[in-house]
Participant: 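Below is a structure I'd like to ask you about.
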Amino acid sequence: MPPYTIVYFPVRGRCEAMRMLLADQGQSWKEEVVTKEIWSQGSLKASCLYRQLPKFQDGDLTLYQSNAILRHLGRSLGLYGKDHQEATLLDMANDGVEDLRCKYATLIYTNYEAGRDGYMKALPRHLKPFETLLSQNQGGQAFIVGNQISFADYNLLDLLLIHQVLAPGCLDTFPILSAYVARLSARPKIKAFLTSPDHMNRPINGNGKQ
Ligand code: 6SG
(Lines give C-alpha, C1' and ligand atoms only; values in the text may rest on other atoms or scores of the structure.)
Protein backbone atom coordinates (compact mmCIF):
# COMPACT_ATOMS: atom_id res chain seq x y z
CA MET A 1 0.00 0.00 0.00
CA PRO A 2 1.42 3.44 -0.83
CA PRO A 3 2.33 5.47 2.26
CA TYR A 4 0.77 8.62 0.86
CA THR A 5 -2.93 9.51 0.95
CA ILE A 6 -4.44 12.76 -0.31
CA VAL A 7 -7.82 13.59 1.22
CA TYR A 8 -9.41 16.37 -0.83
CA PHE A 9 -12.37 17.58 -2.87
CA PRO A 10 -12.70 16.28 -6.44
CA VAL A 11 -10.73 19.23 -7.85
CA ARG A 12 -7.15 20.14 -8.79
CA GLY A 13 -7.19 23.16 -6.46
CA ARG A 14 -4.53 23.03 -3.78
CA CYS A 15 -3.48 19.45 -4.52
CA GLU A 16 -2.44 19.33 -8.16
CA ALA A 17 1.10 20.53 -7.43
CA MET A 18 1.67 17.74 -4.87
CA ARG A 19 0.14 15.22 -7.27
CA MET A 20 2.50 16.40 -10.01
CA LEU A 21 5.43 16.17 -7.61
CA LEU A 22 4.55 12.62 -6.59
CA ALA A 23 3.92 11.53 -10.19
CA ASP A 24 7.20 13.03 -11.42
CA GLN A 25 9.09 11.37 -8.56
CA GLY A 26 7.66 7.95 -9.44
CA GLN A 27 5.67 7.75 -6.21
CA SER A 28 2.20 6.29 -5.93
CA TRP A 29 -0.49 7.60 -3.65
CA LYS A 30 -4.06 6.98 -2.67
CA GLU A 31 -6.84 9.49 -3.23
CA GLU A 32 -9.72 9.84 -0.80
CA VAL A 33 -12.23 12.00 -2.59
CA VAL A 34 -14.47 14.12 -0.38
CA THR A 35 -17.67 15.18 -2.10
CA LYS A 36 -19.66 18.29 -1.27
CA GLU A 37 -22.24 15.99 0.35
CA ILE A 38 -19.74 14.26 2.62
CA TRP A 39 -18.09 17.57 3.56
CA SER A 40 -21.41 19.25 4.37
CA GLN A 41 -22.19 16.52 6.90
CA GLY A 42 -19.58 18.29 9.01
CA SER A 43 -17.91 15.45 10.89
CA LEU A 44 -14.82 15.31 8.67
CA LYS A 45 -14.54 19.12 8.77
CA ALA A 46 -14.76 19.07 12.57
CA SER A 47 -11.95 16.51 12.70
CA CYS A 48 -9.56 18.56 10.53
CA LEU A 49 -7.01 20.71 12.37
CA TYR A 50 -7.99 23.94 10.58
CA ARG A 51 -11.44 22.63 9.56
CA GLN A 52 -10.20 22.57 5.96
CA LEU A 53 -8.80 20.23 3.33
CA PRO A 54 -6.41 19.02 2.02
CA LYS A 55 -5.46 16.47 4.62
CA PHE A 56 -2.43 14.36 3.81
CA GLN A 57 -1.18 11.14 5.27
CA ASP A 58 2.38 9.88 5.10
CA GLY A 59 2.13 6.60 6.97
CA ASP A 60 1.22 7.53 10.54
CA LEU A 61 1.91 11.24 10.02
CA THR A 62 -1.18 13.35 9.35
CA LEU A 63 -0.64 16.78 7.81
CA TYR A 64 -2.74 19.82 6.93
CA GLN A 65 -1.81 22.94 4.94
CA SER A 66 -0.94 22.36 1.29
CA ASN A 67 2.39 24.23 1.44
CA ALA A 68 3.51 22.30 4.52
CA ILE A 69 2.70 19.11 2.62
CA LEU A 70 4.72 20.27 -0.39
CA ARG A 71 7.65 21.14 1.87
CA HIS A 72 7.41 17.80 3.68
CA LEU A 73 7.59 16.00 0.35
CA GLY A 74 10.44 18.29 -0.65
CA ARG A 75 12.43 17.28 2.42
CA SER A 76 11.52 13.60 2.16
CA LEU A 77 12.29 13.21 -1.53
CA GLY A 78 15.30 15.51 -1.93
CA LEU A 79 13.44 18.36 -3.61
CA TYR A 80 14.47 21.17 -1.26
CA GLY A 81 17.69 22.47 -2.81
CA LYS A 82 21.28 21.42 -2.25
CA ASP A 83 22.00 23.52 0.84
CA HIS A 84 20.62 25.95 3.41
CA GLN A 85 20.78 28.94 1.04
CA GLU A 86 18.94 27.18 -1.75
CA ALA A 87 16.29 26.01 0.71
CA THR A 88 15.76 29.62 1.82
CA LEU A 89 15.52 30.85 -1.77
CA LEU A 90 13.00 28.08 -2.46
CA ASP A 91 10.91 29.26 0.49
CA MET A 92 11.00 32.77 -0.97
CA ALA A 93 9.89 31.52 -4.37
CA ASN A 94 7.16 29.30 -2.94
CA ASP A 95 5.77 32.10 -0.76
CA GLY A 96 5.45 34.17 -3.93
CA VAL A 97 3.56 31.33 -5.60
CA GLU A 98 1.25 31.21 -2.58
CA ASP A 99 0.56 34.95 -2.76
CA LEU A 100 -0.55 34.73 -6.40
CA ARG A 101 -2.48 31.52 -5.74
CA CYS A 102 -4.47 33.34 -3.05
CA LYS A 103 -5.25 36.21 -5.45
CA TYR A 104 -6.34 33.63 -8.03
CA ALA A 105 -8.57 31.81 -5.52
CA THR A 106 -10.16 35.09 -4.42
CA LEU A 107 -10.97 35.90 -8.05
CA ILE A 108 -12.35 32.43 -8.79
CA TYR A 109 -14.39 32.00 -5.62
CA THR A 110 -15.49 35.54 -4.74
CA ASN A 111 -15.24 37.97 -7.64
CA TYR A 112 -15.02 36.14 -10.98
CA GLU A 113 -17.26 38.29 -13.14
CA ALA A 114 -16.53 41.73 -11.71
CA GLY A 115 -12.88 41.09 -10.91
CA ARG A 116 -11.71 39.50 -14.14
CA ASP A 117 -10.65 42.61 -16.05
CA GLY A 118 -8.70 44.07 -13.15
CA TYR A 119 -7.05 40.72 -12.53
CA MET A 120 -5.93 40.43 -16.15
CA LYS A 121 -4.57 43.93 -16.09
CA ALA A 122 -2.49 43.29 -12.97
CA LEU A 123 -1.39 39.79 -13.97
CA PRO A 124 1.84 40.73 -15.83
CA ARG A 125 2.99 42.58 -12.73
CA HIS A 126 2.38 39.44 -10.64
CA LEU A 127 4.07 37.08 -13.12
CA LYS A 128 7.17 39.22 -13.57
CA PRO A 129 8.88 38.19 -10.29
CA PHE A 130 8.96 34.56 -11.42
CA GLU A 131 10.48 35.53 -14.79
CA THR A 132 13.05 37.57 -12.84
CA LEU A 133 13.87 34.71 -10.45
CA LEU A 134 14.29 32.27 -13.31
CA SER A 135 16.41 34.70 -15.32
CA GLN A 136 18.78 34.99 -12.33
CA ASN A 137 19.40 31.25 -12.32
CA GLN A 138 21.41 30.11 -15.35
CA GLY A 139 19.64 32.51 -17.68
CA GLY A 140 16.31 30.79 -17.05
CA GLN A 141 17.43 27.49 -18.53
CA ALA A 142 17.20 25.51 -15.30
CA PHE A 143 14.83 25.45 -12.35
CA ILE A 144 13.49 28.17 -10.06
CA VAL A 145 16.53 27.69 -7.80
CA GLY A 146 19.70 25.72 -8.38
CA ASN A 147 20.32 22.73 -10.59
CA GLN A 148 17.63 20.35 -9.48
CA ILE A 149 13.87 20.33 -9.47
CA SER A 150 12.19 21.31 -6.21
CA PHE A 151 8.79 21.36 -4.55
CA ALA A 152 8.51 25.03 -5.54
CA ASP A 153 8.93 24.18 -9.23
CA TYR A 154 5.88 21.91 -9.14
CA ASN A 155 3.90 24.59 -7.33
CA LEU A 156 4.96 27.28 -9.81
CA LEU A 157 4.29 25.02 -12.78
CA ASP A 158 0.76 24.34 -11.54
CA LEU A 159 0.18 28.07 -10.93
CA LEU A 160 1.32 28.92 -14.47
CA LEU A 161 -0.74 26.14 -16.03
CA ILE A 162 -3.95 27.31 -14.35
CA HIS A 163 -3.23 30.88 -15.44
CA GLN A 164 -2.84 29.71 -19.02
CA VAL A 165 -6.41 28.40 -18.73
CA LEU A 166 -7.70 31.60 -17.13
CA ALA A 167 -5.81 33.88 -19.50
CA PRO A 168 -4.52 32.10 -22.60
CA GLY A 169 -1.51 33.99 -23.91
CA CYS A 170 -0.65 35.47 -20.50
CA LEU A 171 2.88 34.06 -20.80
CA ASP A 172 3.44 35.30 -24.34
CA THR A 173 5.36 38.33 -23.12
CA PHE A 174 7.45 36.17 -20.75
CA PRO A 175 9.77 34.05 -22.90
CA ILE A 176 11.58 32.50 -19.97
CA LEU A 177 8.36 31.50 -18.18
CA SER A 178 6.92 30.12 -21.43
CA ALA A 179 10.01 28.00 -22.04
CA TYR A 180 10.00 26.85 -18.40
CA VAL A 181 6.39 25.65 -18.63
CA ALA A 182 7.13 23.85 -21.90
CA ARG A 183 10.31 22.26 -20.53
CA LEU A 184 8.82 21.03 -17.26
CA SER A 185 5.58 19.86 -18.90
CA ALA A 186 7.67 17.76 -21.29
CA ARG A 187 9.36 15.77 -18.51
CA PRO A 188 8.11 12.27 -19.31
CA LYS A 189 6.34 11.60 -16.01
CA ILE A 190 4.84 15.09 -15.84
CA LYS A 191 3.67 14.75 -19.43
CA ALA A 192 2.08 11.40 -18.63
CA PHE A 193 0.39 12.92 -15.58
CA LEU A 194 -0.86 16.01 -17.43
CA THR A 195 -2.35 13.87 -20.21
CA SER A 196 -3.87 11.29 -17.84
CA PRO A 197 -7.67 11.07 -17.51
CA ASP A 198 -7.26 11.51 -13.73
CA HIS A 199 -5.81 14.98 -14.27
CA MET A 200 -7.75 15.96 -17.38
CA ASN A 201 -11.14 15.06 -15.92
CA ARG A 202 -10.52 16.81 -12.61
CA PRO A 203 -11.93 20.34 -12.59
CA ILE A 204 -9.46 23.05 -11.61
CA ASN A 205 -11.78 24.63 -9.05
CA GLY A 206 -14.79 23.68 -6.95
CA ASN A 207 -17.30 26.09 -8.48
CA GLY A 208 -16.91 25.30 -12.17
CA LYS A 209 -14.99 28.51 -12.91
CA GLN A 210 -11.53 28.47 -14.41
C1 6SG B 1 -10.74 25.09 0.03
O2 6SG B 1 -8.70 26.83 1.58
O3 6SG B 1 -11.07 23.12 -3.28
N4 6SG B 1 -9.24 24.58 1.78
C5 6SG B 1 -10.50 24.68 1.29
N6 6SG B 1 -12.81 24.55 1.97
C7 6SG B 1 -13.92 23.99 2.67
O8 6SG B 1 -15.22 24.31 4.58
N9 6SG B 1 -4.19 27.22 3.76
C10 6SG B 1 -4.93 26.03 3.44
C11 6SG B 1 -4.03 25.11 2.62
O12 6SG B 1 -3.16 25.61 1.91
C13 6SG B 1 -6.14 26.39 2.66
C14 6SG B 1 -7.10 25.27 2.56
C15 6SG B 1 -8.24 25.53 1.60
O16 6SG B 1 -4.18 23.87 2.68
S17 6SG B 1 -9.53 24.79 -1.23
C18 6SG B 1 -11.57 24.11 2.15
O19 6SG B 1 -11.30 23.25 2.98
C20 6SG B 1 -14.22 24.72 3.93
O21 6SG B 1 -13.52 25.67 4.31
C22 6SG B 1 -10.36 25.27 -2.68
C23 6SG B 1 -11.39 24.23 -3.01
N24 6SG B 1 -12.63 24.59 -2.96
C25 6SG B 1 -13.71 23.66 -3.29
C26 6SG B 1 -14.73 23.90 -2.28
C27 6SG B 1 -14.71 23.44 -0.96
C28 6SG B 1 -15.91 23.88 -0.30
C29 6SG B 1 -16.61 24.68 -1.24
C30 6SG B 1 -15.84 24.71 -2.46
C31 6SG B 1 -16.54 21.59 -3.61
C32 6SG B 1 -17.70 22.28 -3.25
C33 6SG B 1 -17.99 21.88 -1.95
C34 6SG B 1 -17.05 20.99 -1.52
C35 6SG B 1 -16.21 20.80 -2.52
FE36 6SG B 1 -16.34 22.83 -1.94
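Order of listing sets the numbers, starting from 1, for every ligand and every atom in it. Everything quoted here is computed from the prediction, not taken from an experiment.
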Participant: Taking only heavy atoms of the protein into account, state which residues are under 4.0 angstrom from an atom of ligand 1, in chain and number order.
Facilitator: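 If the criterion is a heavy atom under 4.0 Å, then ligand 1 touches Y8, F9, V11, R14, K36, W39, K45, Q52, L53, P54, Q65, S66, Y109, G206.
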Participant: Decide, yes or no, whether a salt bridge links R19 with E16 under the criterion of side-chain N to carboxylate O below 4.0 Å.
Facilitator: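 Salt bridge between R19 and E16, a charged N being under 4.0 Å from a carboxylate O: yes.
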Participant: On a heavy-atom basis, which atom in M200 and which in R12 lie closest, and how many Å separate them?
Facilitator: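 Looking at all heavy atoms of both residues, the closest pair is O-NH2, 3.6 Å.
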Participant: Do you see a donor-acceptor pair shorter than 3.5 Å between the side chains of E98 and N67?
Facilitator: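 Side chains of E98 and N67: pair found under 3.5 Å.
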Participant: Distance-only, no hydrogens or angles: does the N155 side chain make a donor-acceptor pair with backbone N or O of L70 under 3.5 Å?
Facilitator: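 No, N155 side chain to L70 backbone: no donor-acceptor pair under 3.5 Å.
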Participant: Anything under 3.5 Å between a donor and an acceptor, one on a side chain of residues 113-124, the other on a protein residue two or more places apart or in another chain? List them.
Facilitator:
unit_1	atom_1	unit_2	atom_2	d
R116	NE	Y112	OH	3.2
R116	NH2	L166	O	3.0
Y119	OH	H163	NE2	2.6

Participant: Could you walk me through whether E31 and W29 pass the side-chain hydrogen bond (donor to acceptor under 3.5 Å, both in side chains) test, one step at a time?
Facilitator: CA-CA 7 Å; E31 295 274 356; W29 69 95; 2.7 Å; yes
